Amino acid sequence: MDFSGLSDMERSRMNAFIEQKQMKDFLRLYANLVDRCFADCVNDFTSKALSSKEDTCVNRCVDKFIKHSERVGLRFGEQNALLQQQQQQQMMGSQ
Amino acid sequence: MDFSGLSDMERSRMNAFIEQKQMKDFLRLYANLVDRCFADCVNDFTSKALSSKEDTCVNRCVDKFIKHSERVGLRFGEQNALLQQQQQQQMMGSQ
Amino acid sequence: MDFSGLSDMERSRMNAFIEQKQMKDFLRLYANLVDRCFADCVNDFTSKALSSKEDTCVNRCVDKFIKHSERVGLRFGEQNALLQQQQQQQMMGSQ
Amino acid sequence: MNFGNFGQQTQVQSNVNMSMAEQELEMVTTFIVDSCYRKCVPPKYQDGELNKGESVCIDRCVAKYFEVNMKVGQKLTAQANQGQLR
Amino acid sequence: MNFGNFGQQTQVQSNVNMSMAEQELEMVTTFIVDSCYRKCVPPKYQDGELNKGESVCIDRCVAKYFEVNMKVGQKLTAQANQGQLR
Amino acid sequence: MNFGNFGQQTQVQSNVNMSMAEQELEMVTTFIVDSCYRKCVPPKYQDGELNKGESVCIDRCVAKYFEVNMKVGQKLTAQANQGQLR
């Protein structure tokens, strides 16, 4: 996210927004996690209780998806920092 | 939905919210219904009018999807009631 | 969109809404465009930079999807105008 | 998007009417673009133009989507009037 | 939807609690309907009724979705308490 | 997310600018996580760890998604400046 065009007040509003966002993001992660792991792990409807095989699969799926989300967030932040650095250098160069 | 942690005022706000929600839910149901039944039933683009076969398919799809949505809502409510009952018994037991 | 049941004030609110909507629509188009063209064009993860083949594919995909979106908007507007015309004739006929 | 005069028949207030129209527009806009792209434009990008076949397909796809949307609206209205749907 | 008492343990304010419950409801409602339709109702529309097999499948699907939702909530809570999750 | 300075060039007000940034963040966050999971993590869950191949794939996937996002933003900006896009 390139915030270089924003004023100080906008930046602080953006920070407040980001905190509020974290709760939203948690809920979205939660709902997506349930939906994806259900889709990938539960395909037997001859019983109404999770089998131990399905249970194991859900556990691994949750662990994997959380690690994946964290890794994506980390890399995305790095790419973004790199981009801002490049833009600042460009601005320096053009002055 | 576990509302056991909510105060009375929160409960009434939640009820107002649920009524408002019903209109939203109707619209979401409507849009999803159209999209799903279109995806499942319409695959011939040699004409710009629905064929009678497609028309029949759409009618059945709409009927089925509505019945499905209602059944899911019913079962979801039952599961939720069961859960709240279990939690109350746990709370009794721990007192 | 059938606005025939709306008052003048509602119509002006709706127009304001539509302008605001255009920015939202632009952002949704943008995000969907990226997601779709990434899904369709990028499948090689032996390198971290886009290949020239992927780059060409993304360019064509963006061009095609934009032209598609514009055509859908145009046709949708025509269908809607036609519908409103038919409804007005029905209302005339029933008076 | 036509609701088969759903709004008038059930006497919902005009602001709910507004909100319905707004949301309907938003959902349909996204859905119809995605749906017709999937139906009409294969993900092989020989060039950036819509060819003749794709263009004709898109026109018919929008017309059919519109027709399905009308039908579903009328069906839901009929059911609502019969009190079958809450 | 139960958060394994997530709300109480982390002392979030009640209005955040509300908003969580609201959003959870909205997302789960859409997701569970779509997911169980895909799992239980094949897109061959011989008629407009849910047959016996489909009905039983839907009941079990909802029960299992509910169970997975509980498990994931408890797992996330446990990880949050151990500080593994931000 | 960089808009290729889209905001400045079209002189939209700062609050619209905010809202753009907010929405962009939200959509991209969800889309990139889902997209790279589908591309890099096969739904066979032998264990709960990301293996080496999956981890490397995710890193490259994020880099490529970022690059595509930039390209599309620049392309849309260029077209907007030429007045081809409304």
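Note that the coordinates shown come from a computational prediction; the quantities given were computed from them, not determined experimentally. We name chains A, B, ... by the order of the sequence lines, and we start the count at 1 in each one.
- Salt-bridge annotation for A:Asp40 and F:Lys44: absent, with no side-chain N of the basic residue lying under 4.0 Å from a carboxylate O of the acidic one.
- Considering CD of F:Glu54 and NZ of A:Lys67, their distance stands at 11.0 Å, rounded to 0.5 Å.
- With values rounded to the nearest 0.5 angstrom, A:Thr56 atom OG1 is found 12.0 Å from F:Asp47 atom CG.
- Judged by distance alone, the side chain of A:Arg60 and the main-chain N or O of F:Tyr45 form a donor-acceptor pair under 3.5 Å.
- Heavy-atom pairs under 4.5 Å with chain F peak, among A:Cys61, A:Gly73, A:Cys37, A:Cys41, at A:Cys61.
- Taking CZ of A:Arg75 as the reference point, atom SG of F:Cys36 lies at 12.0 Å (rounded to 0.5 Å).
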Do F:Met70 and A:Leu83 pass the side-chain contact (heavy atoms from CB on, under 4.5 Å) test, and can you show the C-alpha distance, the side-chain angles, and the key distance before you say yes or no? CA-CA 10 Å; F:Met70 293 286 296; A:Leu83 174 69; 3.6 Å; yes

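- F:Val41 touches chain A through its side chain: at least one heavy atom from C-beta onward sits under 4.5 Å away, while N, CA, C and O do not.
- Summarising the geometry of F:Ala63 relative to A:Gln79, their closest heavy-atom pair is CB-NE2, 3.3 Å, with the distance given to 0.1 Å.
- At a 4.5 Å heavy-atom cutoff, the contact between A:Asn32 and chain F is made by side-chain atoms alone.
- Between A:Ser69 atom OG and F:Asp34 atom CG the span is 8.5 Å, to the nearest 0.5 Å.
- With rounding to the nearest 0.5 angstrom, the NE2 atom of A:His68 is 5.5 Å from the CD1 atom of F:Ile58.
- How far CZ of A:Phe76 is from CG of F:Asn69: 7.0 Å, rounded to the nearest 0.5 Å.
- More than 12 heavy atoms of other shown residues, nucleotides or ligands fall within 6.0 angstrom of atom NZ in F:Lys75.
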Check step by step if side-chain contact (heavy atoms from CB on, under 4.5 Å) holds for F:Glu49 and A:Asp63. CA-CA 7 Å; F:Glu49 302 299 318; A:Asp63 286 338; over 6 Å; no

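- Closest approach of A:Asn80 to F:Phe66, counting heavy atoms only: OD1-CZ, 3.5 Å.
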